[in-house]
Every structure is written in structure tokens, then in C-alpha cells.
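When reading the values below, keep in mind they use all heavy atoms of this one structure, side chains included, and skip hydrogens, waters and symmetry mates. Chain identifiers are assigned alphabetically (A, B, ...) following the order of the sequence lines, protein sequences preceding nucleic acid strands; residue numbering begins at 1 within each chain.
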Amino acid sequence: MAQKPSIPKGTRDFSPIEMTRRNYIFDTVKSVFKLYGFEQIETPAMENLSTLTGKYGEEGDKLLFKILNSGDFLAKANELDLSARNSQKTTFQISEKGLRYDLTVPFARFVVQYQSEINFPFRRYQIQPVWRADRPQKGRYREFYQCDVDIIGSDSLLNEYELIQIVDKIFSKLGIGVTIKINNRKLLAGIAETIGEADRIIDITVAIDKLDKIGLEKVNEELLQKGVSMVAIEKLQPILLLSGSNDEKLNKIEKVIQASETGKKGVEEIRTIFGYLKSGLVSTSVELDLTLARGLNYYTGAIFEVKANDVQIGSITGGGRYDDLTGIFGLPDISGVGISFGADRIYDVMEQLNLFPNDQTISTKVLFVNFGKAEESYCLPLLEKLRESGIPSEIFPSDDKMKKQMNYANKKGVKYVVLAGESEISEGVVTVKNMVSGDQIKLKANLLTEYIQKG
RNA sequence: GUGGAUGUAGCUCAGUCGGUUAGAGUAGUGGUUUGUGGUACCAUUGGUCGGGGGUUCGAAUCCCCUCUUCCACCCCA
């Protein structure tokens with residue numbers, strides 16, 4: 001076999017069936033976004049590397065796809081770094097662009113760049129692919145689509161509540177049972193402060209994030225290994241073991257961290273959000289999960305994660321509040337909050353649960369069988385009439401064997417096949433075959449459109 | 001990035017103590033049915049066994065390298 005063509009690791013092609021299903025997801029997501037007053041933007045696939053680096057933590061930087069400079073890029077590289085095989089230094093000498101890693105950072109850049117034209121608070125949505133040089137697995141791709149909604153330029157917690165509403169609405173429309181997990185970075189900071197390890201907050205949150213995965217003992221081991229003191233770990237235990245309803249957890253945690261101003265603020269924020277939820281307009285269950293940490297460094301307040309109830313896959317939606325993302329680009333004190341729906345994982349979940357509607361795949365509704373040149377010219381005006389009435393239809397391009405043409409129609413899921421040969425033409429009629437029932441009838445050619453519309 | 005598994009016709013997979021022209025189902029093509037699909041029957045196309053190198057008289061089968069996909073870790077949508 002000649003070498004088969006292929007595509008890069010972790011990327012995918014999408015067939016027509018997959019595209020109609022993907023569009024079904026995009027369309028429902030989009031319709032809800034619009035319903036809540038969000039406006040769409042797009043940004044380029046590539047950003048300046050300086051825009052991207054340093055925003056996602058050390059790990060994130062490693063996962064950035066970098067684009068080689070054009071021209072004789074090696075000529076401009078530093079000879080010493082080059083001969084020392086110093087990849088880290090050389091990288092930035094031969095590459096100044098990278099593929100976007102998410103939609104939030106490019107959005108922050110966008111906001112800063114067009115700050116004078118934007119009408120704040122700005123509600124934008126953005127549906128585009130992002131790229132990560134991760135090692136692929138099920139539900140993890142190197143190119144995947146995110147559907148982001150963010151509200152920037154407002155620190156009102158009503159925005160957090162609205163995002164929860166959007167999550168609720170979208171997943172109920174798609175038919176996926178989900179649980180929304182919520183936590184707050186201030187609360188996590190308060191915990192770190194309380195146990196006397198304020199500057200280790202990242203290590204601590206990353207470790208406790210694994211609680212339900214690796215268990216309490218392993219988490220403690222990891223904390224110790226990261227240099228968190230025994231005393232601090234002791235103090236942390238009751239927090240890790242918190243249980244009960246959301247309110248109960250909040251009350252308990254409040255007592256533990258009352259010495260920390262930041263922590264108290266976090267509790268208050270969560271209370272406010274749960275207060276909104278008491279109105280009962282959201283039917284998805286929302287859980288306070290103190291072990292929810294999320295890696296992205298820029299979150300400062302609420303953090304969200306959405307898990308599918310019936311399928312084991314990573315989170316299908318995630319997000320949070322960032323108080324100073326635009327600060328890095330020179331516009332400080334603009335708070336925003338947003339979430340990102342992972343279209344590809346949502347697809348995988350829906351496929352496993354068989355949630356895609358069946359009638360989504362119809363493309364052509366009517367196919368004219370081609371019997372030859374004379375018959376073609378009889379059919380063409382009829383075909384055009386159907387199309388003018390908005391009925392997707394086509395004529396087979398050559399007078400191949402009937403069997404072949406019927407087969408084509410059958411495979412494509414065409415509902416009606418129109419037969420117009422010599423005898424039909426002489427009578428001014430057309431034979432219409434219903435491919436589902438197998439029945440066929442003759443009718444006047446000028447009644448065809450009407451007949452199809454009724455069917 | 002670390003560790004483990006996988007790769008045979010378009011698709012799903014048989015085929016190991018290494019031995020002559022590598023099999024099945026399905027799809028494709030042609031026919032039974034000169035204007036009728038989805039069912040049936042018959043015939044037929046298609047593979048240098050992921051790629052490269054090595055061991056051997058001889059390799060899909062053993063060894064090394066590389067790539068793909070999958071699983072765990074890391075991290076995440």
C-alpha cells in the first residue's frame with residue numbers, strides 16, 4: 001500500500017454526519033448565548049507568543065504550539081544558545097507566534113485593544129478551535145472547539161448566577177444530565193492562610209483537587225512532599241473531610257477560616273450565589289465542592305466545573321472569575337467572569353448516551369432520476385421549482401443504471417425519488433416514489449412541489 | 001514530558017513452536033432483475049501484514065528504531 005495520507009496526532013476530520021451533529025451542538029449553544037444577550041466575536045488562530053506565554057502556568061507554556069518564523073529563522077538565533085542546544089532560549093528566537101490555547105486570554109487581549117470601542121459590561125461569546133500540545137486520549141484532543149461566554153467589566157455576582165442559568169439551559173436542551181460544581185479561589189486562599197501556608201496555595205489546591213481521585217492519604221503524602229508542614233496538614237484535615245449540604249459546609253468552613261479576611265469574602269460570595277439559586281429557576285444541582293481547584297492561574301473568585309452524570313469523561317464545561325486578566329495587557333481593574341463549553345467532549349457524551357436526534361441527518365429530500373438528455377430538460381424546471389420552495393433537491397448527474405441511482409438515493413436517506421421517463425413526459429406527469437414506504441404514485445408535473453410540501 | 005498496550009483488505013477482525021500463491025464478514029464492482037433502492041443468491045476487484053532497519057536459507061510471526069491510536073500519570077474542555 002502506498003503511504004496513506006494522514007493528519008497530525010490528536011486532530012480529526014469530520015464527516016457529514018459528524019458535522020450535522022456538531023452543528024446541532026453549536027446551534028443550541030449559540031441560541032442560548034444569544035438569548036442572554038451575548039454578542040459574538042472571533043480572534044485569529046495565532047497570537048503573538050508574548051500574549052500567550054505565562055498565562056497558563058508552567059505546564060500550560062509547555063503545551064503551547066509555536067509557529068516557526070518565516071524566512072531564514074536560524075540566522076537570527078543566538079549562536080551560543082543554538083550550539084548549547086538550549087531549546088528554551090532558542091524557541092523565542094525562532095518563533096514569535098503561537099496557536100491559541102484557549103479563548104479567554106485572546107479575549108482579554110481583545111478587550112484591552114478595543115477598550116475605547118467596547119460598551120461595558122461587555123457580554124461576548126466566541127466559538128472557535130483551540131490547540132494544546134497535550135498527549136491525546138479519549139476526550140482529549142490537540143485541536144478542539146471551545147464555546148466561551150464571558151461578561152467583562154462587572155464584578156456583580158449576578159453574572160455568576162446567569163452563567164449557571166446558561167449551563168442549566170444548554171444541558172437541559174441537549175438532554176445531558178449534569179452536576180455543576182462550584183468553589184471559590186478566595187476561599188481556597190483563606191484555607192491556605194489559615195493553616196499558615198499562604199504562599200503554597202497553588203500546591204495545596206492542586207493536591208486537594210485530586211482528593212476524590214487518589215484519596216486522602218495520597219493527598220497528604222503529596223502535600224508533605226511539596227513541603228507543606230505537618231502542622232498545616234493536620235489543620236487541613238477537617239476541611240478536607242467536610243460533608244453535608246451546601247449550607248452546612250459553608251457554615252463549618254466559615255468558622256474554620258474566620259481569621260482570614262479573604263476567606264470570609266469567599267464564603268460571602270458563594271452565599272450570594274446560592275442565594276440567587278434559591279429562587280428555584282435552575283433545576284441542575286449545584287454543589288459546593290471545596291476540592292475543586294482548577295489549574296488556570298488567573299482565576300480569583302468563583303470557579304465552576306460541569307460534569308456529566310452518566311458518562312465518565314473529564315469536565316465538559318469549566319470557568320471562573322478573573323479580576324485582573326486584562327491587567328497583564330495594560331488595563332487594570334477590569335473584572336470578568338466566564339465559562340467555556342467543550343464542544344468535543346459534549347459530542348462524545350451525547351454519542352455515548354445516544355442523544356442525537358435521528359432526523360438531523362436529512363440533506364436531500366427529493367432526487368430526480370436521470371434517464372438521459374431529453375428527460376433532463378423535462379426535470380430541470382421542476383427541480384428549480386422545488387428549490388425555489390426551499391426543498392433541498394438534486395438530480396443525478398448522469399444517466400447511470402437505475403439501480404445505481406436508487407442506491408445512491410437510498411444511502412443518502414433521500415425521502416422521495418422522482419421518475420420521469422418517456423411515458424411520463426408524454427402524459428405530462430411524474431412518478432414519485434416514497435423511499436420509506438416504497439409506495440409510488442403518478443401526478444401532474446405541476447403539482448409536484450405541492451405534493452412534496454404536504455408530505 | 002514519564003510508563004504501558006496496540007497497528008493485518010475501505011471498515012470489523014482471524015492468522016505465533018517463523019516455512020510454499022495471507023483468510024473471513026462487511027463494503028465496492030458486475031450479474032440474477034434492458035425504468036426501480038433498502039432483503040436474497042452467484043461472481044469478482046482489493047493487502048509488499050503501520051513505516052524503516054536487523055536476525056534467518058526463509059518473518060505478518062523474533063529483535064531494534066520510528067509513527068498512529070488507546071490507557072495511566074501530569075494537566076485539562
Side-chain angles (χ1 to χ4, degrees), chain A residues 1-12 15 25 29 56-64 87 100-104 127-148 202 205-207 209-210 213-214 218 222 292-297 303-308 312-320 338-349 367-372 375 396 399-425 431-440:
Chain A
M1 190 177 2
Q3 255 189 334
K4 262 195 223 172
S6 63
I7 55 175
K9 186 202 294 229
T11 63
R12 293 146 306 147
S15 65
I25 295 175
V29 164
Y56 309 105
E58 236 176 280
E59 281 301 315
D61 280 359
K62 283 187 203 155
L63 300 180
L64 285 174
S87 307
R100 72 164 97 82
Y101 176 93
D102 71 358
L103 301 178
T104 308
I127 299 175
Q128 288 189 279
V130 303
W131 295 269
R132 294 182 190 177
D134 215 344
R135 183 172 283 205
Q137 270 181 51
K138 190 164 232 108
R140 170 176 301 191
Y141 308 99
R142 287 185 144 185
E143 178 186 61
F144 60 97
Y145 274 71
Q146 291 193 327
C147 314
D148 271 39
I202 293 187
T205 53
V206 166
D209 185 37
K210 296 177 192 161
K213 215 171 185 181
I214 63 177
K218 297 255 178 180
E222 185 168 327
L292 171 61
R294 293 187 59 79
L296 296 178
N297 293 354
I303 40 189
F304 309 104
E305 198 159 283
V306 178
K307 294 234 172 193
Q312 245 202 326
I313 195 164
S315 62
I316 53 179
T317 290
I339 42 170
S340 177
F341 291 77
D344 304 82
R345 284 189 179 174
I346 292 172
Y347 182 100
D348 290 345
V349 168
L367 175 98
F368 286 76
V369 168
N370 190 324
F371 287 110
E375 292 86 345
F396 203 84
D399 60 344
D400 285 345
K401 291 212 167 96
M402 260 240 7
K403 181 167 177 159
K404 183 168 181 176
Q405 302 192 38
M406 293 298 285
N407 222 312
Y408 172 83
N410 187 49
K411 279 193 187 152
K412 198 162 174 178
V414 172
K415 190 169 177 196
Y416 297 101
V417 167
V418 174
L419 304 156
E422 269 181 63
S423 62
E424 280 91 351
I425 294 176
T431 299
V432 180
K433 173 159 184 158
N434 182 321
M435 294 295 279
V436 181
S437 63
D439 302 335
Q440 58 186 58

For the side chain of [X] and the base of [N], is some donor closer than 3.5 Å to an acceptor across the two?
| X | N | value |
| --- | --- | --- |
| A:Arg345 | B:rC76 | yes |
| A:Lys433 | B:rU36 | yes |
| A:Glu424 | B:rG35 | yes |
| A:Gln405 | B:rU36 | no |
| A:Arg135 | B:rU2 | yes |
| A:Asn410 | B:rG37 | yes |

Using the six-membered ring for Trp and the full ring for Phe, Tyr or His, decide whether A:Phe341 stacks on the six-membered base ring of B:rA77 (centres under 5.5 Å, planes under 30°).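 Whether judged by distance or by angle, A:Phe341 falls short somewhere, so it does not stack on the base of B:rA77.
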Please pick, from B:rA77, B:rC71, B:rG35, the nucleotide with the shortest atom-to-atom distance to any side-chain atom of A:Thr431.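 Per side-chain heavy atoms of A:Thr431, the pick is B:rG35.
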Describe the nucleic acid contact of [X] in one word from base, sugar-phosphate, nothing, applying a heavy-atom distance below 4.0 Å.
| X | result |
| --- | --- |
| A:Asp344 | nothing |
| A:Lys401 | sugar-phosphate |
| A:Lys9 | sugar-phosphate |
| A:Gly421 | base |
| A:Glu222 | nothing |
| A:Leu419 | base |

Close side-chain approach of A:Val130 and A:Glu143, heavy atoms under 4.5 Å: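 Not in contact.
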Once the angle between the rings of A:Tyr56 and A:Tyr101 is folded into 0 to 90°, is it parallel (under 30°), tilted (30 to 60°) or perpendicular (over 60°)?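 Aromatic pair A:Tyr56/A:Tyr101 classed tilted.
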To the nearest 0.5 Å, tell me how far A:Asp344 CG sits from A:Gln146 CD.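 Atom-to-atom, A:Asp344:CG and A:Gln146:CD are 9.5 Å apart.
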